[in-house]
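Structure first, then comments.
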Amino acid sequence: TLCNQPGAVNFSASPSNGTWSGTHISPSGDFSPTLTGVFDNIYTFIDANGCINSDTMSITVINPTNADAGLDFEVCVDTGAILLTGSPANGSWSGNGINPNGTYNVSIDGSFVFTYTFGTGNCLTTDVVNITVNPLPIVDAGNDQDFCVDAGIQNLSGSPSNGSWSGTAINLNGDFDPATAGVGSHTVYYSFVDANTCENIDSAIITVNALPIVDAGNDTTLCNQPGAVNFSASPSNGTWSGTHISPSGDFSPTLTGVF
């Protein structure tokens with residue numbers, strides 16, 4: 001039995017050096033299975049004594065079962081192992097890095113062609129599938145940052161835009177609340193999905209700093225007389241503000257009252 005496919009199939013008989021005759025077959029035994037059906041082909045041999053004998057072989061030609069590798073498709077480079085399925089079942093896959101059973105480990109981006117083969121001999125058929133492996137988008141959550149615990153809501157921006165934030169005390173839009181997070185280091189994550197549905201993520205560390213402990217000293221009573229009185233506070237090198245006092249702490253008691 002042969003399949004209706006291009007290409008001659010050569011038949012041999014015994015003794016050698018005889019002659020073939022019949023439909024679609026050459027004298028040397030090249031049979032072209034170009035139509036389906038049953039074809040009788042005769043092999044004739046003449047020996048040294050001039051005696052002739054012949055034998056008949058029937059060849060059945062059927063339509064082949066075509067291999068189908070499926071539709072072309074795309075995956076992301078971080079997909080990992082995928083299993084390609086061809087039709088009919090029990091065929092074999094070939095191509096760069098693919099297992100005959102169809103298992104392929106996605107590891108680099110690019111375009112790849114894989115072949116699915118079904119059948120044997122003259123009935124062997126093949127089909128190909130193109131797989132596009134897309135790279136992950138380049139995602140940047142920005143530099144690590146420091147905020148004071150009372151800084152209020154801080155909006156973080158990542159690249160590309162229109163991604164999503166996650167982590168401690170941050171919403172999807174990137175609004176980070178230092179007071180909710182509390183003093184310490186916190187990791188936040190920015191993720192982005194591109195047009196190929198490939199996703200990547202980056203992280204940043206946000207440090208929330210506690211406020212310094214400040215002591216302006218005890219309340220004091222002064223008299224309304226000329227001359228400045230200097231006040232000191234802890235820690236040093238801070239700045240004073242208020243009525244009748246300079247940034248360095250010189251208070252001028254020129255009016256009576258509580259200041």
Side-chain angles (χ1 to χ4, degrees), residues 1-136 195-198:
T1 299
L2 298 175
C3 286
N4 180 13
Q5 297 204 96
V9 178
N10 183 263
F11 287 94
S12 59
S14 177
S16 60
N17 299 318
T19 303
W20 287 92
S21 62
T23 306
H24 304 304
I25 196 165
S26 71
S28 60
D30 290 330
F31 180 81
S32 299
T34 56
L35 292 173
T36 58
V38 179
F39 304 92
D40 289 333
N41 295 279
I42 301 170
Y43 183 71
T44 302
F45 179 79
I46 303 173
D47 66 13
N49 300 314
C51 298
I52 302 174
N53 203 359
S54 63
D55 189 27
T56 300
M57 178 182 65
S58 294
I59 301 175
T60 301
V61 179
I62 62 174
N63 285 321
T65 300
N66 292 319
D68 183 3
L71 299 176
D72 298 342
F73 63 95
E74 299 183 13
V75 295
C76 299
V77 71
D78 64 344
T79 300
I82 59 175
L83 179 65
L84 277 64
T85 303
S87 176
N90 300 318
S92 179
W93 288 93
S94 61
N96 186 23
I98 195 170
N99 189 285
N101 69 1
T103 302
Y104 177 67
N105 187 34
V106 178
S107 59
I108 57 174
D109 58 271
S111 295
F112 304 91
V113 179
F114 298 108
T115 302
Y116 185 68
T117 301
F118 181 80
T120 59
N122 162 264
C123 291
L124 184 145
T125 60
T126 62
D127 189 31
V128 298
V129 63
N130 293 278
I131 300 178
T132 300
V133 179
N134 295 309
L136 301 184
N196 297 316
T197 69
C198 295

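For reference, positions follow the sequence shown, starting with 1. No hydrogens, no waters, no symmetry mates; every other heavy atom, side chains included, goes into these values.
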Taking distance alone, no hydrogens or angles, what donor-acceptor pairs closer than 3.5 Å link side-chain atoms of residues 79-87 to residues at least two apart or in another chain?
from	atom 1	to	atom 2	distance (Å)
Thr79	OG1	Cys76	N	3.2
Thr79	OG1	Cys76	O	2.5

Please examine the side chains of Leu2 and Ile59, heavy atoms only from C-beta on, and report whether any two atoms are closer than 4.5 Å.
-> yes
Kindly state each residue pair satisfying disulfide bond (SG atoms under 2.5 Å apart) with at least one member in residues 8-39, sequence neighbours excluded.
-> none
Throw together a table of side-chain donor-acceptor distances under 3.5 angstrom for residues 7-14, partners on residues two or more places apart or in other chains.
from	atom 1	to	atom 2	distance (Å)
Asn10	ND2	Ser28	O	3.4
Asn10	ND2	Asp30	OD1	2.7

Decide side-chain contact (heavy atoms from CB on, under 4.5 Å) for Thr1 and Ile62; before the verdict, give the C-alpha distance in whole Å, the side-chain angles of both, and the deciding distance to 0.1 Å.
-> CA-CA 7 Å; Thr1 299; Ile62 62 174; 4.0 Å; yes
For residues 37-54, which residue pairs qualify under side-chain hydrogen bond (donor to acceptor under 3.5 Å, both in side chains), counting only residues two or more places apart or in two chains?
-> Asp40-Ser58
Can you give the donor-acceptor pairs under 3.5 Å from side chains of residues 119-132 to other protein atoms, not counting sequence neighbours?
from	atom 1	to	atom 2	distance (Å)
Asn122	OD1	Cys3	N	2.3
Thr125	OG1	Thr65	O	2.9
Thr125	OG1	Ala67	N	2.9
Asp127	OD2	Ala69	N	2.8

Donor-acceptor pairs under 3.5 Å, side chain of residues 102-117 to any protein atom, not counting sequence neighbours: which ones?
from	atom 1	to	atom 2	distance (Å)
Thr103	OG1	Asn101	OD1	3.0
Tyr116	OH	Pro88	O	2.4
Tyr116	OH	Gly91	N	2.8

From CZ (Phe31) to CE (Met57), nearest 0.5 Å | 8.0 Å
Check ring pair (Phe, Tyr, Trp, His ring centres under 6.0 Å) between Phe118 and all other residues, then give those that pass, not counting sequence neighbours.
-> none
How would you list, by chain and number, every residue that makes a side chain to side chain donor-acceptor pair (under 3.5 Å) with Glu74, sequence neighbours excluded?
-> Asn134
Not counting sequence neighbours, which residues clear side chain to side chain contact (heavy atoms under 4.5 Å, CB included) with Asn63? List them please.
-> Asn4, Thr36
Got a sec, which pairs hit ring-ring contact (aromatic ring centres under 6.0 Å, His included) with one end in residues 53-78, sequence neighbours left out?
-> none
In chain order, what residues pass the side chain to side chain contact (heavy atoms under 4.5 Å, CB included) check against Thr19, with sequence neighbours excluded?
-> Pro27
Could I get the full list of side chain to side chain contact (heavy atoms under 4.5 Å, CB included) partners for Ser92, not counting sequence neighbours?
-> Pro100
